[in-house]
Number of protein chains: 4
Amino acid sequence: MSRPRSDEKRTAILEAATRIIVLQGLGAPTAGIAKEAGVANGSLFTYFETKTELFNHLYLAIKSEMAAAILNNYPAGAESRDEFFHVWRNWMDWALANPHKRKALAQLGVSDEIAAETRMAGHTMMMPIVEMLERARARGAMQTAPKGFVVALMNSVAEATIDFMAQDPEHAQKHSALGFDALWRMLS
Amino acid sequence: MSRPRSDEKRTAILEAATRIIVLQGLGAPTAGIAKEAGVANGSLFTYFETKTELFNHLYLAIKSEMAAAILNNYPAGAESRDEFFHVWRNWMDWALANPHKRKALAQLGVSDEIAAETRMAGHTMMMPIVEMLERARARGAMQTAPKGFVVALMNSVAEATIDFMAQDPEHAQKHSALGFDALWRMLS
Amino acid sequence: MSRPRSDEKRTAILEAATRIIVLQGLGAPTAGIAKEAGVANGSLFTYFETKTELFNHLYLAIKSEMAAAILNNYPAGAESRDEFFHVWRNWMDWALANPHKRKALAQLGVSDEIAAETRMAGHTMMMPIVEMLERARARGAMQTAPKGFVVALMNSVAEATIDFMAQDPEHAQKHSALGFDALWRMLS
Amino acid sequence: MSRPRSDEKRTAILEAATRIIVLQGLGAPTAGIAKEAGVANGSLFTYFETKTELFNHLYLAIKSEMAAAILNNYPAGAESRDEFFHVWRNWMDWALANPHKRKALAQLGVSDEIAAETRMAGHTMMMPIVEMLERARARGAMQTAPKGFVVALMNSVAEATIDFMAQDPEHAQKHSALGFDALWRMLS
DNA sequence: CATGAATGAGTGTTCATTCAT
DNA sequence: AATGAATGAACACTCATTCAT
């Protein structure tokens, strides 16, 4: 009956927000995001009721895309280390291929605009990875450590590795392997 | 640049800024910081020309306090692992004793208000620690890795450990040991 | 101007506007009026070109309904006072039975959105009442006063009376009589 | 120590608001009011926290000025009718001399921005007048009517009279007398 | 130097109206 | 004709910074 709400436009807004956040931070005017997305100022608010809601949706969208990429072609049943390395490689690949999304996600993750529930939902998407990590550390030195602590360590090693790969892309593979080995040593 | 009279007021502003940033983020109004510091709104700008300058000074102030704390009573000449653990313990102690400063520092570190030079100066203060790290990894698995990478890993493991200690203070010592061991395993 | 199809919808919009104006004032969004009327946002504008036009139509619609109610069963030829009291009673009855319409009319009457012509048309509908008033004051103390002045006094006494009846409905009849007597004394 | 808040500016804003409200209604932008007052956009908000607060203050300011004017040189102890007429004349004089204030007050009085407490405070200022009215009607036909009703009638007759005086200023005195006589007849 | 009022650019959001479907 | 998405001007209010006192 009427012009249907366009998924294209919604996506355009999310992508524009990603780009703008990288360039200008979370304080960037919504007007700028709308312009970058090629829609009118007010249209942004037919797709997302507030700026905060837009940010929460963007956070989840990127996080779930990332989780899906990480879990792509997951080799269930392989040896623990190989299984883990497959995931690690997917992780690094996605991060390198999507530097904007990664940067935006980092900014969003640090912001207090992101609701607790949104973060929770994001964690849920990473669950399979966390379970894999659980199996990997089951017999090593960290078997008694709290789960959350191991997850935090994995995340921070991954982030550090990615940072370094991104700023020295020529030796990306080498850094990836170094990071993974370091993590594996930590868990062993 | 002539120094304004009262060092007390300068300090009060920096401390107020720390508290306010923790509560309200970097977007907090300067008026609020001034009020918390017990000075007038406009006085803030006789001590720091702009909000950005205030933030850069605060970043450096906290960072150097932290570095000094970490290096306190540095046992030059001790065994590598003990030497390192002393530093690690100082690091964790300072972080637990100064949660506000740590949180503010985290926010500042992520912000794009902090100039490259400020970050560099911050790194400089950490130099002795980095050198110690260099000695520690000299014969281990990471001996060929670029220096910056190892530093990044150390930082991120430390941060993850602190996060976990802070949210579960009862087992702080245990987490500290776990974190240190994990890091040491990484370097070995 | 071709009449849009459905008189029902037109009426629904006018009635919705009445209710919404009472609740939210003239600043109420057209979207809200449309929703209350059960039509789409944009449909409102096929029935009334602008919000202002809607308001002008609503003003006239209520005013003419009121005038018709007041003149209902007009007892032509009766004694002056009885004739007048019949009108007065109709007036009060309508106002009490239609508090929303009265409130909306009050708001509209005060607004500068209502065009001079609309007001004039409204006055025209009250003409028979005014003529009756003219006969009633023909021999009293107000016989030399300008017509408009007497009309204004009648209106304001009526409004005051209605206000009071509405906020104290138990003694409505008493207030009605008091108001009428007061008005009659004024005219005598 | 610092530039003191200026009563002149506060007054300028209130007067500007009066003028702008008459011309453009209550929907007028605060920016316009500030400009008319010769102050910056934001300065308006150092004197009045919100637009609504400005309107409430303006309402009270005008109302109390009006009450003071009405009670000016109040001839305590005079004959009831003379006493009342003195008040009535003051009322009419003030209204004619301050048409803008009267119009603005009318708009404000009708608006739902004006808080109940503000209205109450306004009524308080009119108290002495109401008491005088009470004495005036003590032995007349309206002696049994509720106080509020009589007050409402007085107000509405006064308003109607003023309206008519304003739109036909040449015969202002005549209308004033007619209105007063009508009111007096009502009370007798 | 201290104070806090003054400034005015900047921002998220609303909403009457238009228009594609 | 009906729908509701699209548009963009408008607006109250904030806030870093300046400046009169």
Side-chain angles (χ1 to χ4, degrees), chain A residues 1-6 9-10 13 27-35 37-55, chain B residues 2-6 9 27-35 38-55, chain C residues 2-6 9-10 27-35 38-55, chain D residues 1-6 9-10 27-35 37-55:
Chain A
M1 299 269 166
S2 93
R3 202 177 335 186
R5 221 179 267 196
S6 140
K9 242 163 225 170
R10 212 189 114 96
I13 292 170
T30 52
I33 296 174
K35 194 177 181 187
V39 302
N41 213 317
S43 293
L44 190 150
F45 294 92
T46 48
Y47 288 89
F48 305 96
E49 285 196 8
T50 62
K51 196 190 190 185
T52 296
E53 204 200 294
L54 164 60
F55 282 176
Chain B
S2 68
R3 273 284 171 73
R5 192 84 52 75
S6 155
K9 256 171 207 168
T30 52
I33 296 174
K35 193 177 181 187
V39 302
N41 180 343
S43 295
L44 190 150
F45 293 91
T46 51
Y47 290 90
F48 304 95
E49 283 193 13
T50 64
K51 194 189 191 187
T52 297
E53 205 200 293
L54 164 61
F55 281 174
Chain C
S2 70
R3 273 284 171 75
R5 193 82 54 72
S6 153
K9 257 171 207 170
R10 212 186 116 95
T30 52
I33 296 174
K35 193 176 179 187
V39 302
N41 176 344
S43 294
L44 190 150
F45 293 91
T46 51
Y47 290 89
F48 303 96
E49 283 193 14
T50 65
K51 195 187 190 186
T52 298
E53 204 200 294
L54 163 61
F55 282 174
Chain D
M1 301 268 165
S2 92
R3 200 178 334 185
R5 218 178 270 196
S6 140
K9 244 163 225 170
R10 211 188 116 97
T30 52
I33 296 174
K35 193 176 182 188
V39 302
N41 213 317
S43 294
L44 189 149
F45 294 93
T46 47
Y47 288 89
F48 304 95
E49 287 196 7
T50 62
K51 195 189 190 187
T52 297
E53 205 199 293
L54 164 60
F55 282 175

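Per chain, numbering begins at 1; letters A, B, ... match sequence-line order. We use all heavy atoms of the structure for the numbers below, so side chains are in, but hydrogens, waters and symmetry mates are not.
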Polar atom pairs between nucleotides 16-19 of chain E and protein, under 3.5 Å, N or O only, would you list them?
unit_1, atom_1, unit_2, atom_2, d
E:dA16, OP1, C:Lys51, NZ, 3.0
E:dA16, OP2, C:Thr30, N, 2.6
E:dA16, OP2, C:Thr30, OG1, 2.8
E:dT17, OP2, C:Lys51, N, 2.9

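Here C:Lys9 lies in heavy-atom contact (under 4.0 Å) with sugar-phosphate atoms only. No engagement by C:Phe48 is indicated, since no non-hydrogen atom pair under 4.0 Å with the nucleic acid exists.
An OP1 or OP2 oxygen of F:dA5 is reached within less than 4.0 angstrom by no side-chain nitrogen or oxygen of A:Thr46. Checking the phosphate oxygens (OP1, OP2) of E:dA2, a side-chain nitrogen or oxygen of B:Tyr47 falls inside 4.0 Å.
Atom NZ of C:Lys35 and atom CG of C:Asn41 lie 11.0 Å apart (nearest 0.5 Å). Of the inter-residue distances, the one linking D:Ser43 atom OG with D:Arg5 atom CZ reads 10.5 Å to the nearest 0.5 angstrom. Put simply, NZ on D:Lys9 and CG on D:Leu44 are 12.5 Å apart, with the number rounded to the nearest 0.5 Å. Note that the CG atom of A:Leu54 and the CD atom of A:Glu49 stand 12.5 Å from one another [nearest 0.5 Å].
If D:Ser2 and D:Leu44 are placed on DNA chain E by their nearest nucleotide, the residue sitting closer to the 5' end is D:Ser2.
A stem is defined here as three or more consecutive Watson-Crick or G-U pairs, each with both distances under 3.5 Å; for DNA chain E these stems are E:2-21 with F:2-21.
Atom CD1 in A:Ile13 sits roughly 14 Å away from atom P in E:dT13 (whole-Å rounding). Separating the CZ atom of A:Arg5 from the P atom of F:dT7 is a distance of 14 Å, rounded to the nearest angstrom. Residue A:Lys35 contributes atom NZ, which lies 15 Å from atom P of E:dG12 at whole-angstrom precision. The nearest whole Å value for the distance from the CD1 atom in A:Ile33 to the P atom in E:dT11 is 11 Å. Between the CG atom of A:Leu54 and the P atom of E:dT11 there is a distance of 16 Å, given to the nearest Å.
When the nucleotides F:dT3, F:dA6, E:dA2 are ranked by their closest atom to the side chain of A:Ser43, F:dA6 comes out on top. Which of E:dT3, F:dT3, F:dT7 sits closest to the side chain of C:Val39 comes down to F:dT3.
With sequence neighbours excluded, the residues satisfying side chain to side chain contact (heavy atoms under 4.5 Å, CB included) with D:Thr52 are D:Thr50, D:Asn56, D:Glu113. Taking A:Ala28 as the reference, A:Ile20, A:Gln24 meet the side chain to side chain contact (heavy atoms under 4.5 Å, CB included) condition, with sequence neighbours excluded. For C:Phe45, the side chain to side chain contact (heavy atoms under 4.5 Å, CB included) criterion is met by C:Thr30, not counting sequence neighbours. Residues passing the ring pair (Phe, Tyr, Trp, His ring centres under 6.0 Å) test with C:Phe48, sequence neighbours excluded: C:His57.
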